[in-house]
Amino acid sequence: MATRKKAAKPATEKLASLTPAGRKESFFELVFEVARQIPKGRVTSYGAIAACLGARSSSRMVGWAMNGADKVKPKIPAHRVVNRNGMLSGKHHFATPTRMKELLEKEGIKVKKDTVVNFRELFWDPSEELI
DNA sequence: CGCCTGACGAAAC
DNA sequence: GGTTTCGCCAGGC
């Protein structure tokens, strides 16, 4: 994602389109649904969700969808979604950069250097367990 | 209407 | 084996 960009993000923080006013069921909703099913104390990756939805290559969209996670009614546990590395790549999008880590630790998940410890063991695959 | 960005991922170098 | 690029899709400007 580097190089191709030239300056910091200008805006794109609106996302008001996802408001409950008249949003339609889209890829985003599917992501939200799956994200809500993530058991407490477990984590998953953007790619896993995307793959579960049949959009393996659209993992980016999953992260994008998470942008609206905060404004959806049932709060989406976006903190349980990390990248394939187990790294808290989205922590910067929370109220505070440490919020995500704190939420995870509160659920019993250890975070070391912005990375979920035992990520592989805590990994929750929607394709297998969600069915 | 076209270009850029973006919380990822896998391939290419 | 670390770093860089492309791909994918959707939304903002």
Side-chain angles (χ1 to χ4, degrees):
Chain A
M1 57 208 235
T3 318
R4 281 183 12 183
K5 67 180 217 134
K6 37 178 73 179
K9 43 112 122 235
T12 30
E13 53 191 85
K14 261 191 170 191
L15 263 298
S17 330
L18 272 287
T19 31
R23 55 101 160 90
K24 51 207 160 197
E25 57 279 329
S26 56
F27 186 78
F28 292 66
E29 287 234 353
L30 296 172
V31 174
F32 297 149
E33 276 187 66
V34 176
R36 281 196 213 110
Q37 314 310 312
I38 304 174
K40 182 184 172 188
R42 300 294 285 291
V43 293
T44 190
S45 66
Y46 303 96
I49 297 174
C52 179
L53 298 175
R56 185 189 68 80
S57 334
S58 303
S59 46
R60 295 179 104 200
M61 295 299 89
V62 178
W64 202 260
M66 280 305 165
N67 229 311
D70 268 13
K71 30 166 106 86
V72 204
K73 313 263 224 48
K75 219 227 161 168
I76 310 288
H79 60 279
R80 294 183 194 147
V81 186
V82 295
N83 66 3
R84 198 63 176 101
N85 244 336
M87 194 155 75
L88 283 58
S89 46
K91 64 180 222 155
H92 265 280
H93 282 270
F94 283 75
T96 60
T98 54
R99 189 60 176 263
M100 192 171 182
K101 179 180 179 236
E102 291 179 315
L103 286 169
L104 287 171
E105 290 185 327
K106 198 165 70 172
E107 294 184 358
I109 300 174
K110 295 188 187 95
V111 179
K112 229 43 155 190
K113 292 193 299 298
D114 299 336
T115 305
V116 176
V117 180
N118 296 333
F119 171 67
R120 192 165 167 178
E121 292 178 30
L122 297 169
F123 183 73
W124 180 79
D125 190 344
S127 301
E128 288 183 27
E129 314 207 33
L130 181 59
I131 307 175

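Within every chain, numbering begins at 1; the chains are lettered A, B, ... in the order of the sequence lines, protein sequences first and strands thereafter. Both backbone and side-chain heavy atoms feed into the values below; hydrogens, waters and symmetry mates do not.
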Give the rounded distance in Å between these two atoms: [atom1] of [X] and [atom2] of [N].
{"X": "A/Arg80", "N": "B/dA7", "atom1": "CZ", "atom2": "P", "result": "22 Å"}
{"X": "A/Ile38", "N": "B/dA7", "atom1": "CD1", "atom2": "C1'", "result": "13 Å"}
{"X": "A/Trp64", "N": "B/dG9", "atom1": "CH2", "atom2": "C1'", "result": "17 Å"}
{"X": "A/Leu88", "N": "B/dC8", "atom1": "CG", "atom2": "P", "result": "11 Å"}
{"X": "A/Arg56", "N": "C/dG7", "atom1": "CZ", "atom2": "C1'", "result": "10 Å"}
{"X": "A/Asn67", "N": "B/dA7", "atom1": "CG", "atom2": "P", "result": "8 Å"}
{"X": "A/Glu29", "N": "C/dA10", "atom1": "CD", "atom2": "P", "result": "14 Å"}
{"X": "A/Phe119", "N": "B/dC8", "atom1": "CZ", "atom2": "C1'", "result": "12 Å"}

Shared ILVMFWY cluster between A/Leu30 and A/Ile76, side chains joined below 4.5 angstrom?
yes
Assigning hydrophobic clusters by single linkage (Ile, Leu, Val, Met, Phe, Trp, Tyr; side-chain heavy-atom cutoff under 4.5 Å), is A/Leu53 placed with A/Trp64?
yes
Distance below 4.0 Å between A/Ser89 side-chain N/O and B/dC8 OP1 or OP2:
yes
Between [options], which nucleotide gets closest to the side-chain atoms of [X]?
{"X": "A/Met66", "options": "C/dG11, B/dA7, C/dC8", "value": "B/dA7"}
{"X": "A/Asn83", "options": "B/dC8, B/dA10, B/dA7", "value": "B/dC8"}
{"X": "A/Arg60", "options": "C/dC8, B/dA7, C/dG11", "value": "C/dC8"}
{"X": "A/Ser58", "options": "B/dG9, C/dA10, C/dC8", "value": "C/dC8"}
{"X": "A/Met61", "options": "B/dA7, C/dG11, C/dC9", "value": "C/dC9"}

Can you spot which of A/His79, A/Lys40, A/Arg42 makes a side-chain hydrogen bond (donor to acceptor under 3.5 Å, both in side chains) with A/Glu107?
A/His79
Euclidean distance for P, C/dC8 against B/dC1 (whole angstrom)
23 Å
Spacing of the P atoms in C/dT5 and B/dC4 (rounded, Å):
16 Å
Would you mind classifying the nucleic acid contact of A/Ala78 as base, sugar-phosphate or nothing, using non-hydrogen atoms under 4.0 angstrom?
base
Specify the residues of residues 95-106 of chain A, ordered by number, for which at least one heavy atom lies under 4.0 angstrom from an atom of DNA chain B.
none
Which heavy atom in [X] sits nearest to a heavy atom in [Y], and how many Å separate them?
{"X": "A/Ala48", "Y": "A/Ser127", "value": "O-OG, 4.4 Å"}
{"X": "A/Ala35", "Y": "A/Met66", "value": "CB-CE, 3.5 Å"}
{"X": "A/Phe94", "Y": "A/Arg99", "value": "CB-CB, 3.9 Å"}
{"X": "A/Val62", "Y": "A/Tyr46", "value": "CG2-O, 3.5 Å"}

When only distance counts, do a donor and an acceptor, one from the side chain of A/Ser59 and one from the base of B/dC8, lie under 3.5 Å apart?
yes
Pair of N/O donor and acceptor under 3.5 Å linking B/dC8 base with A/Arg84 side chain:
no
Under 6.0 Å from the NZ atom of A/Lys91, do we count more than 12 heavy atoms belonging to anything else shown?
yes
